[in-house]
Amino acid sequence: MVFFPCAGNLGTLIKRDDPKGGKCIPAGSRSAGARKNMKYFISGCIFWGICALILFAVRPGAKLSKKSIRTLGPRELSVTIPVMAALILLCTLPMSLSPVWNGEIPQHRIQYEMLTESILKGRLDMDYGEVDPMLLAMENPYDFKQRSDLGVSYQWDHAFYEGRYYMYFGVVPVFLLFLPFRIITGTSLTSYHATQVFTALFIVGVFALFYLLSRKFFSGMSWSAYLSLSTAFSAMSVWYMVDAPAMYCTAISAGICMEIWSLYFFANAVWNSKSLRRSTVYGILGSLFGALAFGCRPSVALANLLAVPLFLHYIKGKKWDSGLLKQILAVLSPYVVIAALLMLYNYVRFDNPFEFGQRYQLTVADQRSYGFLSQFDIIRIANGLLENFINWTPIQYTFPYISDWSVFLNCPVCAVACLCLLQKDTLSQVRKRKLTGFMAVLLLLPGLITVSQILMTPYLSGRYRVDIYWLMGLLAFISFGIFGETISEKFKRWYGFLLSILSLGTVLHCFLLWAVPCDSNFTSMYPHYLEKFEHVLWLGFR
C-alpha cells in the first residue's frame, strides 16, 4: 500500500492501491503523482542550484576570494548587509511555524507577558487567581511525585515561594522589550517575537565582532571566508532557537545577544581605540551589556570572564595614576549598578539577593539541594561533559537521518578548527598577537558553563548547548583566521574556498538539526513535512 499526503488537509493520508499489486490506478492519479514528483524535482533543482551558485561565487578565482579584509572598500562591505539580512530572515521567520511556540498554545510559556502585566500593576509575582489549597498545604511542594500523587493543580515550570508564583527567568528582557512594547502599543509582545529581535541583533553582533577581529589579527582573510564563517557560526549558534523560540530561548537569545555586544565593545576598547575617552565609552558599553546578561541567563553571563584577559592586556604597561583609576571605576560602574538592582529584585521576591528562583522551580525535581558544592560529583560531571560534547547515537534511516547529538557532533567544523589551533605555527601566532590569555579563557568557558549546568540542574537539555555554541563559533573563527596567516599566499584562496565549503556544510547541517522532531517543534507537530523536505533534497527520487 502506498500513502500520499493529502494537500487539502494537513496530516490526512489517502490510501491507494499499490501498482505492484496488479490493481488499476486511474490515469488521473498517475498524472497527479507525476506532477508532484516534478514539483519536488524543480524545487530540489532550485535549492541545489542556489548552493552551487554560492560555491561558484566563492571559488578561488572569484572576486569575493581575491579581496582580503584589509583591501575591502565601502562597495564590498555593502554586500555584507544583504547577506546578513537574508540570514536574519531565514533564522527568524520559521520561528512562527509551531503553534506550541508561536503563542497559539501558550500554556506556561507566557511568563514574560504575565510578568509584564504584573509589573504594570506594581507587583513582581504573577497572578493566576487562587492557588490550589493542596499545594499550599504540602510540606514539600517541590516534590514532583507527591504533587502528581495528590493531583495538585499548579503552574508548571514557575518558581513558587511562600504561596506565590514567580518567574525564575531573567527579568532584563521584560524591561528591554516587553514593557516598552506594552506601553507604546497597548498590547502584549508575544515571547517568540522577542526571541526574533534578540536573534537578529545577535547575528548583527557576530558579523560586527568577526569583522573587528579579522581586521585586527588576520586581515589577510578573504572576504568570502569572512562572510561564509560569519553566516555559518551565526546559524550554528541560533538553530535551536529557530526550533523552539518562546520563553526558554527568549532568555537564552537575550543572554547571548548581550554577551556578543559586550565582547564587541570590550574588544573595541582594548584593540581599536586610540583615545582615552573613546576607550572609556566602549568599556562602559561593554560592561553594561555584560552586566545585563546576568539578568537574562546567568550561565551565559559567565562569558564575562573573557573581559579579564582583555582588561589585563589593556592595563599592561600603563602607569597607575588617578586617570587610569577613574577610567577603571567608570567602566566597572554598570556592573555595580545592575548587580545591585538584580540583587534587590531577588531579595524582594525570595529574601535572598543571590536567588533567581532556580531552587524553587515546580518541575520534575526538587532543586533546593542543587548547587556547586552540594551536587559536586566528579563522575557525574565527567559523564555530563562527555554527553554534552561527544555524545552520539546511530544515524537514522529516515529523514533528517541525524539526532540532536552533542556540541562536536552537531558542529563538526569546531572540531576541525581545534585541530588548526593545535598546530605549532598557529600557537606561535597566537602568542605573537598576545591572544594567549584570551584564547585560554575562550577554551575553558564551554566546559565551565557545562559544569555549572550539570551542578545546578537535574539533567542536561539540548537547549542548554545554545549557551556555548556561539563561544565555539568564536573560537573556531579565530582559529581558522590565525591558521590562515601561517599558510603561503599560493594556497590562501584555496584555503578560503575550503572554509566556504565547510561553512555551507555547517548551514545545511543546521537545517537538518532544525528538522529533527523534538521539543514540540514544527516537524514534530507536522511530521509529514519531513517527507516533503526529503523529496526536495533528493530531487523527487526518494
Side-chain angles (χ1 to χ4, degrees), residues 69-70 205 208-221 258-294 301-339 417-418 420-449 470-471 474-486:
I69 295 296
R70 71 169 67 95
L209 178 62
F210 283 8
Y211 181 71
L212 185 155
L213 292 173
S214 57
R215 288 279 294 182
K216 175 65 180 179
F217 297 111
F218 30 89
S219 58
M221 174 180 279
M258 297 301 112
E259 277 300 331
I260 200 74
W261 282 104
S262 173
L263 194 52
Y264 171 77
F265 287 119
F266 276 138
N268 265 298
V270 175
W271 292 320
N272 202 35
S273 296
K274 296 180 180 179
S275 70
L276 177 64
R277 181 178 180 182
R278 179 174 293 184
S279 178
T280 303
V281 171
Y282 279 136
I284 291 173
L285 289 172
S287 63
L288 173 63
F289 282 96
L292 289 173
F294 283 99
L302 289 175
N304 275 279
L305 290 173
L306 287 169
V308 175
L310 292 177
F311 171 72
L312 295 176
H313 177 80
Y314 180 77
I315 65 172
K316 187 176 182 180
K318 283 186 167 55
K319 181 181 178 181
W320 282 85
D321 54 18
S322 60
L324 180 60
L325 184 59
K326 289 179 181 177
Q327 184 186 21
I328 293 173
L329 291 175
V331 171
L332 289 176
S333 59
Y335 280 116
V336 175
V337 173
I338 292 175
C418 289
C420 292
L421 183 61
L422 292 176
Q423 299 300 309
K424 182 179 178 180
D425 290 343
T426 308
L427 293 174
S428 176
Q429 289 293 325
V430 169
R431 290 191 292 269
K432 181 180 178 181
R433 287 161 171 75
K434 300 178 181 179
L435 284 170
T436 305
F438 184 82
M439 294 295 284
V441 175
L442 190 54
L443 277 166
L444 290 173
L445 267 175
L448 178 62
I449 291 174
W470 71 281
L471 289 168
L474 174 60
L475 176 65
F477 181 78
I478 297 175
S479 301
F480 283 137
I482 293 181
F483 180 79
E485 296 296 294
T486 67

- [ ] Answer whether the closest heavy-atom distance between the side chains of Tyr314 and Ile328 falls below 4.5 Å.
- [x] no
Open item on the list: Is it the case that the side chain of Ser214 and the backbone of Ser219 share a donor-acceptor pair, with hydrogens and angles ignored and the cut-off at 3.5 Å?
Closed with: no
- [ ] Could you name each residue pair satisfying salt bridge (Lys or Arg N to Asp or Glu O under 4.0 Å) that touches residues 428-440, not counting sequence neighbours?
- [x] Arg433-Glu485
Task: Ring centroid separation Phe217 to Phe477 under 6.0 Å - done: no
TODO: Run the numbers on Asn272 and Tyr282 for side chain to side chain donor-acceptor pair (under 3.5 Å), then give the verdict.
DONE: CA-CA 10 Å; Asn272 202 35; Tyr282 279 136; 5.8 Å; no
Open item on the list: Just so I know, are the side chains of Gln423 and Thr486 near enough to count as touching, which here means a heavy-atom distance under 4.5 Å?
Closed with: no
- [ ] Not counting sequence neighbours, which residues clear side-chain hydrogen bond (donor to acceptor under 3.5 Å, both in side chains) with Ser273? List them please.
- [x] none
Task: Residue pair Leu285 / Asn268, side-chain heavy-atom distance below 4.5 Å - done: no
Open item on the list: Students often mix this up, so state it plainly: with edges at 30° and 60°, are the rings of Phe438 and Trp271 parallel, tilted or perpendicular?
Closed with: perpendicular
Task: Close side-chain approach of Phe210 to Met221, heavy-atom, < 4.5 Å - done: no
Task: Ser262 (side chain) donor-acceptor with Met258 (main chain) under 3.5 angstrom - done: no
Task: Worked check of side-chain contact (heavy atoms from CB on, under 4.5 Å) between Met439 and Ile478 - done: CA-CA 9 Å; Met439 294 295 284; Ile478 297 175; 3.6 Å; yes
Open item on the list: Taking the side chain as everything from C-beta on, heavy atoms only, tell me whether Pro334 gets closer than 4.5 Å to Ile284.
Closed with: yes
TODO: For Gly286 and Phe265, work out which heavy atoms get closest and say how close.
DONE: N-CB, 3.6 Å
Task: Shortest non-hydrogen contact between Leu310 and Leu263, atoms and distance - done: CD1-CD1, 4.0 Å
Open item on the list: Do Trp470 and Glu259 have side chains that approach each other closer than 4.5 Å (heavy atoms only, starting at C-beta)?
Closed with: yes
TODO: Hey, could you give me the CG/CG distance between Leu442 and Leu306, rounded to the nearest 0.5 Å?
DONE: 5.5 Å
TODO: List the atom of Ser479, the atom of Ala417, and the distance in Å for their closest heavy-atom pair.
DONE: CB-O, 3.5 Å
- [ ] For the pair Ile482 and Leu421, evaluate side-chain contact (heavy atoms from CB on, under 4.5 Å) and give the outcome as yes or no after the intermediate values.
- [x] CA-CA 8 Å; Ile482 293 181; Leu421 183 61; over 6 Å; no
Task: Heavy-atom closest contact (Val331 atom, Thr280 atom, distance) - done: CG2-O, 4.1 Å
Task: Heavy-atom donor-acceptor pair, Thr426 side chain to Cys420 backbone, under 3.5 Å - done: yes
Task: Flag side-chain contact, heavy atom, 4.5 Å: Ile260 against Leu474 - done: no
Task: salt bridge (Lys or Arg N to Asp or Glu O under 4.0 Å) partners of residues 318-338, not counting sequence neighbours, each pair once - done: none
TODO: Might you point out which heavy atoms bring Ala307 and Phe266 nearest each other, and give the distance in Å?
DONE: CB-CE1, 3.8 Å
Task: Distance, nearest 0.5 Å, that separates CG of Leu471 from CG of Leu444 - done: 11.5 Å
TODO: Hey, can you tell me if Tyr264 and Trp261 have their rings parallel, tilted or perpendicular (30° and 60° cut-offs)?
DONE: perpendicular
- [ ] Might you point out which heavy atoms bring Leu302 and Leu445 nearest each other, and give the distance in Å?
- [x] O-CD2, 3.4 Å
